[in-house]
Amino acid sequence: MRATAAVLLVLCLLTISHAWDCREIVNIKNLMQIDAGLGQVVATDTSQIPYYLVGDKWIRMPGYLKHITVGPAGIWGVNKDYAIYKYVAGNWVQAAGLLKQLDAGGDQFVVGANMDDTPYCLTSSATVGYKGPGSPLPWTGLPGAVKYYSCGPFGCWAVNKNDDIFLMSLNQDCQNKGWSHIDGKLSMIEVATDGSVFGVNSAGSVYTRDGITASKPEGTGWSNIPMGMLMGHVTYDLGRLWVVSKSAVTMVCTH
């Protein structure tokens with residue numbers, strides 16, 4: 001197994017585009033999902049243990065989560081039973097509702113998708129003000145059906161069960177004008193704090209959206225980022241692209 005991993009890593013480094021320099025993260029193993037935002041990085045492993053990166057050390061956080069997110073809305077997560085939690089003063093505080101995936105990258109609001117692929121949004125006032133039971137949590141149902149949902153400063157991107165890609169303009173009060181279809185196919189998608197968009201398709205290939213600006217939030221097209229191994233998850237923040245392979249190898253790439 002070690003020899004196989006070493007060969008895969010060498011292949012990855014040999015085939016990587018000259019624009020990206022990748023290295024394996026050796027002090028964390030078996031990650032399943034990772035999220036970066038505002039200079040912070042969080043992750044969960046295949047045992048659903050959540051971690052927070054401090055320097056080069058991965059600090060175990062309390063509890064068990066299958067998905068975790070960090071951004072302007074704080075740190076949030078969901079567990080295997082779809083229960084929602086917000087990280088408050090070093091502990092997880094359960095929030096009302098059930099979601100399978102959520103994202104804290106919007107302008108202090110949270111979005112997510114439930115088990116039936118129904119998208120939801122939580123206003124910025126409710127998100128920032130939530131401290132525990134008793135705080136209001138007016139989840140707003142949104143149109144359409146999505147399995148993965150992520151927001152940034154220029155809009156929210158999502159993919160559905162058919163890997164179709166969509167873009168929505170969403171404000172702090174969860175007001176929107178519906179979804180716009182975007183070309184391409186992705187199985188997961190992440191929007192960075194700076195508006196950059198990255199995703200992975202069902203074949204394990206990584207892509208980034210080119211030409212995104214405030215005046216052209218849909219961008220101009222997709223560019224492949226060669227990886228040399230099959231990837232399952234990706235996130236980006238402050239010039240660092242974090243990728244987790246389908247074999248649970250974690251890498252960080254810069255250019």
Side-chain angles (χ1 to χ4, degrees), residues 11-23 33-41 69-72 101 103-107 109 111 113 119 144 146-171 176-246 250-255:
L11 286 172
C12 180
L13 294 176
L14 288 174
T15 58
I16 202 74
S17 166
H18 70 278
W20 293 90
D21 178 27
C22 297
R23 62 179 176 86
Q33 178 255 333
I34 190 167
D35 194 48
L38 293 181
Q40 304 175 84
V41 182
T69 181
V70 61
Q101 179 265 334
D103 186 82
D107 187 8
F109 60 86
V111 297
V146 302
K147 65 178 180 179
Y148 201 102
Y149 194 6
S150 182
C151 294
F154 308 137
C156 298
W157 292 69
V159 294
N160 67 11
K161 65 179 181 180
N162 298 319
D163 290 352
D164 297 318
I165 306 167
F166 297 90
L167 171 64
M168 172 186 283
S169 176
L170 195 64
N171 67 15
N176 67 90
K177 296 181 180 179
W179 296 103
S180 299
H181 180 252
I182 304 294
D183 63 288
K185 293 276 189 178
L186 293 173
S187 56
M188 65 82 56
I189 196 164
E190 280 286 344
V191 186
T193 309
D194 66 0
S196 302
V197 175
F198 294 83
V200 180
N201 68 9
S202 59
S205 298
V206 177
Y207 288 86
T208 183
R209 188 72 176 177
D210 301 319
I212 293 177
T213 63
S215 59
K216 194 175 181 60
E218 72 276 15
T220 56
W222 297 103
S223 290
N224 175 243
I225 301 175
M227 284 290 158
M229 66 174 75
L230 303 181
M231 295 300 171
H233 201 91
V234 65
T235 186
Y236 177 86
D237 183 52
L238 297 179
R240 292 176 173 83
L241 179 67
W242 301 83
V243 286
V244 178
S245 76
K246 292 189 176 183
T250 302
M251 301 177 66
V252 60
C253 307
T254 56
H255 68 10

Closer than 3.5 angstrom, by distance alone: can the side chain of Asn201 be matched with the main-chain N or O of Ala203 as a donor-acceptor pair?
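Present.
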Practice task
Using atom types as modelled and distance alone, determine if a side-chain donor or acceptor of Asp237 lies under 3.5 Å from a backbone N or O of Thr193.
Solution key: no
Hey, could you give me the [atom1]/[atom2] distance between [X] and [Y], rounded to the nearest 0.5 Å?
X	Y	atom1	atom2	answer
Asp103	Ile189	CG	CD1	11.0 Å
Ile212	Thr220	CD1	OG1	8.5 Å
Asn176	Ser169	CG	OG	8.0 Å
Cys22	Met251	SG	CE	4.5 Å
Asn171	Lys177	CG	NZ	10.0 Å
Asp164	Trp179	CG	CH2	12.5 Å

Atom of [X], atom of [Y] and distance for their closest heavy-atom approach:
X	Y	answer
Ser187	Ser202	OG-N, 3.8 Å
Cys253	Trp20	CB-CE3, 3.7 Å
Leu167	Trp157	CD1-NE1, 3.3 Å
Tyr236	Ala192	O-CB, 3.2 Å
Tyr149	Ala158	CD1-CB, 3.9 Å
Gly184	Trp222	CA-NE1, 4.2 Å

Let me see the working for Phe109 and Cys156 under side-chain contact (heavy atoms from CB on, under 4.5 Å), right down to the final yes or no. CA-CA 11 Å; Phe109 60 86; Cys156 298; 4.1 Å; yes
Less than 4.5 Å apart, any side-chain heavy atom of [X] and any of [Y]?
X	Y	value
Trp242	Val234	no
His233	Met188	yes
Val252	Arg23	yes
Met227	Leu241	yes
Ile225	Thr208	yes
Lys147	Asp163	yes
Lys185	Ile165	no
Val146	Tyr148	no

Let me see the working for Ser196 and Val191 under side-chain contact (heavy atoms from CB on, under 4.5 Å), right down to the final yes or no.
CA-CA 6 Å; Ser196 302; Val191 186; over 6 Å; no
Does Lys161 NZ have over 12 foreign heavy atoms under 6.0 Å away?
no
Exercise for review: Using the side-chain contact (heavy atoms from CB on, under 4.5 Å) rule, take Asn160 and Phe166 through it: C-alpha gap first, then chi angles, then the decisive distance, then the call.
Suggested key: CA-CA 8 Å; Asn160 67 11; Phe166 297 90; 3.5 Å; yes
Legend entry - Intermediate values then yes/no, side-chain hydrogen bond (donor to acceptor under 3.5 Å, both in side chains), Ser150 and Glu190: CA-CA 5 Å; Ser150 182; Glu190 280 286 344; 3.2 Å; yes
With a 4.0 Å cut-off, would you call Arg209 and Asp183 a salt bridge? yes
Thr69 and Asp35: side-chain donor and acceptor closer than 3.5 Å?
yes
